[in-house]
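One structure is given here, and the rest of the page talks about it.
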Amino acid sequence: MAKILVVYYSFEGNTKLIADSIATAVGADILRLEVERELKSHGFAKYLWGGRQVVMKSKPRIKPLDKSPTEYDTLFIGTPVWAYTFSPALRTFFSTVKLSGKKIALFCSCGGDRRKTFEHMKAQLAGNEILGEFETIEPLKNDTSGQTQRVVAWAKQMLKV
Ligand SMILES: Cc1cc2nc3c(=O)[nH]c(=O)nc-3n(C[C@H](O)[C@H](O)[C@H](O)COP(=O)(O)O)c2cc1C
């Protein structure tokens, strides 16, 4: 059986909901990326702090990984969209874990404008086979069960590709 890993970062829980749903549905292990010094603000200031990290291409230190991503055949990689791209924790991940020859499916949670997030992720993942991509829009507060069902159907489809 192929080994499957769901790797994700989530600041406010939306991406976590989707990651957990995928992992349960396809029997995957989970690796949650956690930054050592997490943003504290949940008000408007979070956009300033988070946005600045994106613009600066920051690579925040992340806690030691409890799974070894290179040991898996297929990975689902998920992120919230920050400033129209993937989150800084993912930048740290991409720069420290070199994946190649893997099958990878991408997912994100956003407020409705992801722009080129998936293209930016693909550029970081050259040398792998990208199976597909799926966007959710803040599933904790919008059509939670509908979005969860659709992402689960998509994830199962990815494994048949
Ligand atoms: C710093 C920051 C920047 C964001 N930038 C965008 C953006 O460019 N486009 C968008 O659609 N949503 C943006 N959002 C909203 C998040 O992508 C959205 O709320 C997402 O569901 C959060 O996922 P999470 O709960 O897993 O952290 C931003 C949120 C934060 C905190």
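Both ligands and their constituent atoms are indexed starting at 1 by order of listing. These numbers come from the heavy atoms of this one structure, side chains and all, not from hydrogens, waters or symmetry mates.
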**Report entry** Listed partners of Ser109 passing side-chain hydrogen bond (donor to acceptor under 3.5 Å, both in side chains), at least two apart
**Finding:** none
Query raised in the report: More than 12 heavy atoms of other residues, nucleotides or ligands under 6.0 Å from CZ of Arg150: is that the case?
Result: yes
Report task. Can you see which heavy atom on Ile137 is nearest to which on Gly112, and at what distance? Result -> CD1-CA, 4.0 Å
**Report entry** Pair Tyr9 and Phe86, ring centroids less than 6.0 Å apart
**Finding:** no
Report task. Over 60° means perpendicular and under 30° means parallel, so classify the ring planes of Phe134 and Trp154, tilted if in between. Result -> tilted
Query raised in the report: Are the side chain of Glu129 and the backbone of Ile104 linked by a donor-acceptor contact shorter than 3.5 Å?
Result: no
Quick check for students: name every N or O atom pair between ligand 1 and the protein closer than 3.5 Å, with distances.
{"unit_1": "ligand 1", "atom_1": "5 (N)", "unit_2": "Val81", "atom_2": "O", "d": "3.4"}
{"unit_1": "ligand 1", "atom_1": "5 (N)", "unit_2": "Ala83", "atom_2": "N", "d": "2.9"}
{"unit_1": "ligand 1", "atom_1": "8 (O)", "unit_2": "Ala83", "atom_2": "N", "d": "3.3"}
{"unit_1": "ligand 1", "atom_1": "8 (O)", "unit_2": "Tyr84", "atom_2": "N", "d": "2.8"}
{"unit_1": "ligand 1", "atom_1": "9 (N)", "unit_2": "Asp113", "atom_2": "O", "d": "2.9"}
{"unit_1": "ligand 1", "atom_1": "11 (O)", "unit_2": "Gly111", "atom_2": "N", "d": "2.9"}
{"unit_1": "ligand 1", "atom_1": "11 (O)", "unit_2": "Gly112", "atom_2": "N", "d": "3.1"}
{"unit_1": "ligand 1", "atom_1": "11 (O)", "unit_2": "Asp113", "atom_2": "N", "d": "2.8"}
{"unit_1": "ligand 1", "atom_1": "11 (O)", "unit_2": "Asp113", "atom_2": "O", "d": "3.3"}
{"unit_1": "ligand 1", "atom_1": "12 (N)", "unit_2": "Gly111", "atom_2": "N", "d": "3.0"}
{"unit_1": "ligand 1", "atom_1": "14 (N)", "unit_2": "Val81", "atom_2": "O", "d": "3.2"}
{"unit_1": "ligand 1", "atom_1": "17 (O)", "unit_2": "Val81", "atom_2": "N", "d": "3.4"}
{"unit_1": "ligand 1", "atom_1": "17 (O)", "unit_2": "Val81", "atom_2": "O", "d": "2.7"}
{"unit_1": "ligand 1", "atom_1": "17 (O)", "unit_2": "Ser109", "atom_2": "O", "d": "3.4"}
{"unit_1": "ligand 1", "atom_1": "19 (O)", "unit_2": "Glu138", "atom_2": "OE2", "d": "2.5"}
{"unit_1": "ligand 1", "atom_1": "21 (O)", "unit_2": "Ser109", "atom_2": "OG", "d": "2.6"}
{"unit_1": "ligand 1", "atom_1": "25 (O)", "unit_2": "Glu12", "atom_2": "N", "d": "3.3"}
{"unit_1": "ligand 1", "atom_1": "25 (O)", "unit_2": "Gly13", "atom_2": "N", "d": "3.1"}
{"unit_1": "ligand 1", "atom_1": "25 (O)", "unit_2": "Asn14", "atom_2": "N", "d": "2.8"}
{"unit_1": "ligand 1", "atom_1": "25 (O)", "unit_2": "Asn14", "atom_2": "ND2", "d": "2.8"}
{"unit_1": "ligand 1", "atom_1": "26 (O)", "unit_2": "Ser10", "atom_2": "OG", "d": "2.6"}
{"unit_1": "ligand 1", "atom_1": "26 (O)", "unit_2": "Asn14", "atom_2": "N", "d": "3.4"}
{"unit_1": "ligand 1", "atom_1": "26 (O)", "unit_2": "Thr15", "atom_2": "N", "d": "2.8"}
{"unit_1": "ligand 1", "atom_1": "26 (O)", "unit_2": "Thr15", "atom_2": "OG1", "d": "2.6"}
{"unit_1": "ligand 1", "atom_1": "27 (O)", "unit_2": "Phe11", "atom_2": "N", "d": "2.9"}
{"unit_1": "ligand 1", "atom_1": "27 (O)", "unit_2": "Glu12", "atom_2": "N", "d": "2.8"}

